[in-house]
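The structure under discussion appears below in the form of structure tokens.
Nothing here was measured: the structure is a model prediction, and the numbers come from that model. In each ligand, atom 1 is the first atom listed, and ligand 1 is the first ligand listed. Just the heavy atoms: all of them, side chains too, but no hydrogens, waters or symmetry mates, feed the values below.
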Amino acid sequence: MTDQLLDRTSCPLCMTSDVRQFSNLDGFRSSICNACGFMFVRDVATASKLNEFYENGYCNERQKLGQKVNATVNGNVFRRFIPSPESKSILDVGSGYGFFLDLLRDIGLSRRVGIELSNHERRYARTQFDHELYGNIIEMSDDDRFDVITLFEVIEHIPDPVAFIKALRHHLKPDGTIIIGTDNFASSVARKLGDRFPKWIPHEHISYFTPETLCSLITSHTDLELFGNISFTPWELYAHQMLYIVTMGRLGGIIYSNNEQMASSNRPYRNFALRLLFNKFWFNFMKDDNLEGEMMYIAAKAQK
Ligand SMILES: [Zn+2]
């Protein structure tokens with residue numbers, strides 16, 4: 001991944017070149033825009049390298065179990081923003097192994113469609129579930145429209161979020177809703193852990209959102225109207241923060257290392273059964289109607 005890197009010198013959100021460097025993690029420099037505050041990785045892989053990474057390499061048991069746990073939280077977010085899902089169609093972008101769409105199987109949706117780049121994950125979903133699946137947005141018919149489009153932990157992987165959100169907006173029906181969930185890099189736990197915040201993964205997470213930049217992605221670049229916020233901080237990150245505090249910054253969090261990240265796909269996903277049971281209860285207990293937590297979700301609507 002590190003052999004062919006582009007050098008991005010202007011802000012992908014507002015296009016200005018008035019940017020400054022704020023970090024360098026194992027050779028990946030990141031910049032912040034002086035005009036709009038957007039944070040982004042400056043050294044990113046080429047589009048073809050990124051595609052190859054997600055199409056052929058982005059799958060393992062750890063990903064699979066993590067997605068199964070996160071699907072339960074995403075299901076709760078969906079129900080909060082879409083209280084009457086009956087007869088609605090949904091497009092889940094970054095549908096992975098398909099667990100989230102499967103959770104929605106008995107609530108009367110008219111259509112469940114997923115887009116997933118990873119060939120392996122898409123194959124799994126195709127074999128296990130009855131979703132309609134595409135490998136890419138351009139494989140879909142241009143006039144296909146949906147009542148709901150969801151992006152859970154996707155937008156931080158996208159090099160050009162403005163073009164991406166405009167392409168998705170095209171597939172939204174009048175009165176349709178788009179739901180975006182991503183990490184909040186201005187959250188309290190991110191600020192406390194600094195470079196040790198484990199979500200700084202610059203070969204994957206290349207667009208770092210804050211509440212302001214996530215909202216401005218919608219309000220400045222689409223005609224959609226924001227109508228809902230939810231956020232919470234996962235208990236795993238509180239545990240990192242606690243360890244960081246009691247060891248006075250020696251432990252807790254993770255300092256990014258490209259080699260370690262590449263090798264980490266073999267790491268086991270710990271406490272799967274506990275997380276599967278506990279994480280959605282933690283979400284329901286901790287969630288708030290603001291964007292202050294570490295995981296933030298916004299919902300925006302198209303005009304009728
Ligand atoms: Zn900017």
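Checked options Leu101, Asp102, Ile107, Leu109; the residue passing with Arg105 is Asp102 (criterion: side chain to side chain contact (heavy atoms under 4.5 Å, CB included)).
Applying the 4.5 Å side-chain rule to ILVMFWY residues, one finds Leu65, Tyr269, Phe272, Leu276 in the same cluster as Val69. Taking Ile, Leu, Val, Met, Phe, Trp and Tyr as hydrophobic and joining them when side-chain heavy atoms fall under 4.5 Å apart, one finds Tyr124 in a cluster with Tyr97, Phe99, Phe129.
Of all protein N/O/S atoms, those under 2.8 Å from the Zn ion (ligand 1) are Cys11 SG, Cys14 SG, Cys33 SG, Cys36 SG, and waters are not counted.
Legend: residues meeting ring-ring contact (aromatic ring centres under 6.0 Å, His included) with Phe78, ordered by chain and number and at least two apart, are absent.
Ring centers of Trp200 and Tyr208: under 6.0 Å apart, within the cut-off.
Side-chain contact check for Thr213 and Thr210: at least one donor-acceptor pair (N or O, by modelled atom type) lies under 3.5 Å.
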